[in-house]
Undergrad: 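Quick one: the structure is below, and I'll ask about it shortly.
Computed over heavy atoms, backbone and side chain alike; hydrogens, waters and symmetry mates excluded.
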Amino acid sequence: MIYEVTINERIYSVEVARSGPGWHCRIDGREFPLDVVALQNNMLSVQVRGKSYEVKQESTAAETSIIIGRERFGATVRDPRSLRSRRRANGAGAGPKRITAPMPGKVLRILVPAGNAVQAGQGVLVIEAMKMQNELKSPKDGRVKKLNVGEGALVEAGQVLAEVE
Amino acid sequence: MIYEVTINERIYSVEVARSGPGWHCRIDGREFPLDVVALQNNMLSVQVRGKSYEVKQESTAAETSIIIGRERFGATVRDPRSLRSRRRANGAGAGPKRITAPMPGKVLRILVPAGNAVQAGQGVLVIEAMKMQNELKSPKDGRVKKLNVGEGALVEAGQVLAEVE
Amino acid sequence: MFKKVLIANRGEIAVRIIRACKELGISSVAVFSEVDRAALHVTHADEAYPIGPAPATESYLNIPRILEAARRCGADAIHPGYGFLSENARFARACSEAGIKFIGPTASAMELMGSKTRARQAMQIAGVPFVPGSARGLSLAEATDVAAEIGYPVMIKASAGGGGKGMRLVRAAEELKPAFEAAQSEAQRAFQDSEVYLEKLIADPRHIEIQVLGDEHGNLVYLGERECSVQRRHQKVIEEAPSAFVDEDLRRRMGQVAVQVAKAAAYTNAGTVEFLVDQDRNFYFLEMNTRLQVEHPVTELVTGLDLVHLQLRIAAGEKLPFRQADVALQGHAIECRVYAEDPDNSFFPSPGKITQLLRPSGPGVREDSGVYEGWRVPLDYDPLLAKLIVHAPDRATAIARMRRALDEYFVGGIKTNLSLFRRILEHPDFVAARIDTGFLDRLLAAPPRARASANGEVAAVSAALFAAVASGETGGRNGTRPEGAPPASSSQWKTAGRAEGRRTK
Amino acid sequence: MFKKVLIANRGEIAVRIIRACKELGISSVAVFSEVDRAALHVTHADEAYPIGPAPATESYLNIPRILEAARRCGADAIHPGYGFLSENARFARACSEAGIKFIGPTASAMELMGSKTRARQAMQIAGVPFVPGSARGLSLAEATDVAAEIGYPVMIKASAGGGGKGMRLVRAAEELKPAFEAAQSEAQRAFQDSEVYLEKLIADPRHIEIQVLGDEHGNLVYLGERECSVQRRHQKVIEEAPSAFVDEDLRRRMGQVAVQVAKAAAYTNAGTVEFLVDQDRNFYFLEMNTRLQVEHPVTELVTGLDLVHLQLRIAAGEKLPFRQADVALQGHAIECRVYAEDPDNSFFPSPGKITQLLRPSGPGVREDSGVYEGWRVPLDYDPLLAKLIVHAPDRATAIARMRRALDEYFVGGIKTNLSLFRRILEHPDFVAARIDTGFLDRLLAAPPRARASANGEVAAVSAALFAAVASGETGGRNGTRPEGAPPASSSQWKTAGRAEGRRTK
């Protein structure tokens, strides 16, 4: 099975296949000798030429991360054969830009009602959690095309709150 | 839903039903006011008249236990309406008695072949784990009716190794 | 000793106090708001009672509800922890009127120290050194004169304040008016008291505090200092004991002044005297915190004492079990305050469900935690999850040990500030103990230097492997588990080792 | 200091040594047998290499494979931990011949102490006090004479022995022959050496040992004692430091003798001198263990030192960073050895999958663990899972703290001896420190008194609630989880607190 994996903006073509009790891997066409064992849910022990890596996966609504030791990598994995593909919420993309909640919280104020024009960096709405207010800014110049929430609404991290076109 | 629950040889009739966000319970016909919340898998926080209990459930092939603080209770829960009922492997019961493995290990020796007579307390077979040998004894006078394993076999905890009738 | 103690708090400090109660054979009573029913302090306590809705004003600050719970369960004492009602003299008084021992200083000592201006007057009489400035609340006009007299830059502070609220730095005369008014209204909001006063700014000071302990028989001791200069917006982030900047002589002099301060307030139980220390090792009284501090564990580790045990014993009327001469410091301790906040996103709080929790342990590692895997960190309170504290023979080893512990620490599902601690502990100025209260803001102003990683390929391959297993293709879904079975067993992985292991049998 | 250290061990001690390496900036190399591929020491190390099948003789005792791995990865030193090859002089020699530093004493010191009889001769020359008996291996005939001379009861011991193997108590002459032969064959099996010797039995002795530390520049210190009298079949179960039975004077005298012992063997690095102490505080040399002990953490907690750091520094040629006069003891420490064994079923080992692991933490609690939730404890090795160690200002508090920590400790899926520790810690003789090497066997001989429980009804109701949720009726099954979701969220429980909490928003 071949995946297109993006790690910190760099794209790898990764082929993985079972071989006996373990796995056989190729990366960008090259042989990648590894020994892998599952430890817990979302946690692997990967050994490559004697080096030992404890690898964790963390998936939130906002993003998927791969954690190796103290390093955290933003990851996107695409299966060319399927349309199921996880993309980082804040990743680039054509068309209207989305404004997503960086944390769970409560919508305190709407600063720019739907339909109005905004400039890049201008606050669109304010959410609050743990007594801290977070003004969410427009990613680009344009118009607030859509507001998915009203004042007082409880939102989850990664939830799309508004779209700017 | 009414269950017949056996805790340390004492049998309780326990009725549990949802009520709003929580549960409504009766034990042996009496009201049992409690507030219950799930903490983790197989773990509850139960409050009864202000007293706070952290309750764990542990199920092995051999038995089901309820753990409250430092206390461990052997538990059997029977749903009268269904035949699904968990019973402690070493619990009482009519007919032939079973000899089960107290731990995972390897069958080292068969001391009494199937068909032969045994006395209560006489060793029937020996299993080994972590370099320690464990002689499993007959629970009663009788005859080794059945041997489910041979020498060298790997067995799991709770696995029925032999029956004495 | 008390039979039953109610803990009027939540989170790690409530758990820490409950542990002390268990160790002293005291039954512990938790109180909880509606969002905390499943919180760790509730499940750890012997008894637990609801005290209202999520907002602290309706629950953890709700004096009548808390006293009602205490009466109902027959508690003979209440420990307030820190924050919430811990420095509320009215609460202390209400407790004693209800015949329940408040574990802390007397209401009058709290009131004296609670008003910075009254405290300053009392301390000046006691001959305690002060930062030049006004001893009392000021009008804008008075402030202008005092500022001119002592010279800019100056600090404006709230008389009832603490934790940086109602504080403003003023570099020049023209900044005074707006800053003064902002400070007043902030103080009004935070403490229902708009009184502010004025102090000369000490350049690049260190924040160093002395732990004091007094019994109810007139015995007072100091337990060495804590170095608390690593702060973000006047909030402590990392604390140490001892301070690399403090030598035996300075420690003794600061300690003796701290004891004078406590004496002047007829202080009992645990308290902390905060000082500003300038580059020439002059020290100035800041304030006295009339409660147990968040950072008390670093003092416990270097003194070998248990401050909460001692608080309980003292409140129960026991004498201090040791004298000043018996207090000896051993090794070095560092504490990191682990918060649910995102250091990569201007430290916005990050409440939510903790999906995975891997906790550090081993030699010299202590974790005082208020959370567990599967728990949802509520939006409603201070986002402190846990305190990670290490103890080692010397400071360099303590830093190395903390780095090791941080590498073992993983909190999945929410953002935490763990990565911030790595940055701090690797910073040459911190390693060399060249720290003042401006250190962390300077560090944060500089962008974190991104190292090129050698592990990109391993990350890429791992991501693909996770995906391959998660995909239906190999059957089952990563994350689903058969009843009772632990993760590894049910995941799609063939664990090579084990498979071969079986073959050898 | 070394660049790269290979740890020729597994389990908690391998993890503990890896942690020390990380703290000293040394890269760590694990080795593992086929059943240990997923073990904690493998995942914690920077590098890891397979060294053969499950049986220790083919892996962790496999000198060629281990040296091959060390050469392959370029390790400049090997730490043997305890057990396995830690006291194998041949291995130590093979290491130095391979140009790899063995972290421990010299091979010759190990050989001297490895033979009880040679050690005894050397120590007698050094004037070390001994239990009356034979200094060398005996024939049955000689044994009969010696026994008659020193008087019964006597102990038969294996010259190459340790851990109680090849040991026999003989109360009267007629028991001598069978016991002697049994000891010989057991010694032959265990150590490929049937030589045994004979000693007078000391009635109700305590087992107290002294930690010594020597650098390679002739400096030797002792780090106080450890009380190890709580044993089952000559295996330590609980250890303490200091011993309640040892006063300043006895500590100094035993310490000085221990240093003499080490000097007589030209001993370097960490070692332990074991003594029997009788009721009149006479002490007799038992043996010297030429390795790091399982119970070394209790010494670390009361001295504030890190013994593994010191082992590495000493092996790297550094001088001891302190003198005897600098060694001060602070507080009291207790260690419990947590085994995968069933105390209710004559301590049969209980390997298998750890389905749930709740670990104690908080003030004064240290856990040195070699396991994690979801891991399968293999059948093939010593069933030590972890060591739980507490530190407190005094012994009474340490006992209370250990009880508290034990209540927080839960290992699901396998049996452990945690309940045994509760029995011991509640026993009046242990609490009063009236312990000798027979204490635990006496305790175990008495049936545990079953308290009537007040919690039967709560248990019954809980069992029913678990069943109700597990049953399909309410939809879903307890234990199944939606992808990535943590337990609480997906279980069928309505968490009242949270539900109401939301309503308040």
Undergrad: Could you state the interatomic distance from CZ (Phe466(D)) to CD (Glu58(B)), rounded to the nearest 0.5 Å?
TA: 11.0 Å
Undergrad: Please state whether the side chain, the backbone, both or neither of Gln356(D) comes within less than 4.5 Å of a heavy atom of chain B.
TA: side chain
Undergrad: Does Tyr3(B) use its side chain to pair, donor to acceptor, with the backbone of Ala468(D) at less than 3.5 Å?
TA: yes
Undergrad: Could you grab the distance from atom CZ of Arg10(B) to atom CD of Glu457(D), nearest 0.5 Å is fine?
TA: 7.0 Å
Undergrad: For Ile11(B), is it the side chain, the backbone, both, or neither that has a heavy atom closer than 4.5 Å to a heavy atom of chain D?
TA: neither
Undergrad: What part of Glu4(B) gets within 4.5 angstrom of chain D, counting heavy atoms only: side chain, backbone, both, or neither?
TA: neither
Undergrad: Do you know which of Val46(B), Val55(B), Thr6(B), Ile67(B) has the most heavy-atom pairs with chain D at a distance under 4.5 angstrom?
TA: Val55(B)
Undergrad: Roughly how far, to the nearest 0.5 Å, is CG of Leu379(D) from CD1 of Ile127(B)?
TA: 9.5 Å
Undergrad: Compile the donor-acceptor pairs under 3.5 Å between side chains in residues 142-153 of chain B and protein atoms, sequence neighbours left out, one pair per line.
TA:
from, atom 1, to, atom 2, distance (Å)
Arg143(B), NE, Glu165(B), OE2, 3.3
Arg143(B), NH2, Glu165(B), OE2, 2.5
Asn148(B), ND2, Val160(B), O, 3.0
Glu151(B), OE2, Ile110(B), N, 2.8

Undergrad: Count the heavy atoms belonging to other residues, nucleotides or ligands that lie under 6.0 Å from CD of Gln119(B), then report whether that count exceeds 12.
TA: no
Undergrad: Sort out for me which of Ala340(D), Ser350(D), Pro378(D), Pro351(D) touches chain B most, counting heavy-atom pairs under 4.5 Å.
TA: Pro351(D)
Undergrad: Quick check for you: to the nearest 0.5 Å, what is the distance between Ile7(B) atom CD1 and Ser453(D) atom OG?
TA: 9.5 Å
Undergrad: Going from OH on Tyr53(B) to CG on Asn455(D), what distance comes out if it is rounded to the nearest 0.5 angstrom?
TA: 5.0 Å
Undergrad: Counting only heavy atoms closer than 4.5 Å, note whether Val16(B) contacts chain D via side chain, backbone, both or neither.
TA: side chain
Undergrad: Where do Val14(B) and Ala464(D) come nearest, in terms of heavy atoms and distance?
TA: CG1-CB, 3.5 Å
Undergrad: Can Lys56(B) and Leu358(D) be said to form a side-chain contact (heavy atoms from CB on, under 4.5 Å), step by step?
TA: CA-CA 11 Å; Lys56(B) 305 182 195 77; Leu358(D) 302 176; 3.3 Å; yes
Undergrad: Less than 4.5 Å to any heavy atom of chain D: does that hold for the side chain of Arg72(B), its backbone, both, or neither?
TA: side chain
Undergrad: Where do Val36(B) and Val461(D) land on the side-chain contact (heavy atoms from CB on, under 4.5 Å) test, with the steps shown first?
TA: CA-CA 11 Å; Val36(B) 60; Val461(D) 169; over 6 Å; no
Undergrad: If you take all heavy atoms of Val77(B) and Ala467(D), which pair is closest and at what distance?
TA: CG1-CB, 3.6 Å
Undergrad: Go through the steps to decide whether Trp23(B) and Val469(D) satisfy the test side-chain contact (heavy atoms from CB on, under 4.5 Å), and finish with yes or no.
TA: CA-CA 11 Å; Trp23(B) 291 75; Val469(D) 170; 3.9 Å; yes
Undergrad: Are any non-hydrogen side-chain atoms of Ser59(B) and Thr355(D) less than 4.5 angstrom apart?
TA: no
Undergrad: Quick one: what part of Phe347(D) sits under 4.5 Å from any heavy atom of chain B, side chain, backbone, both or neither?
TA: backbone
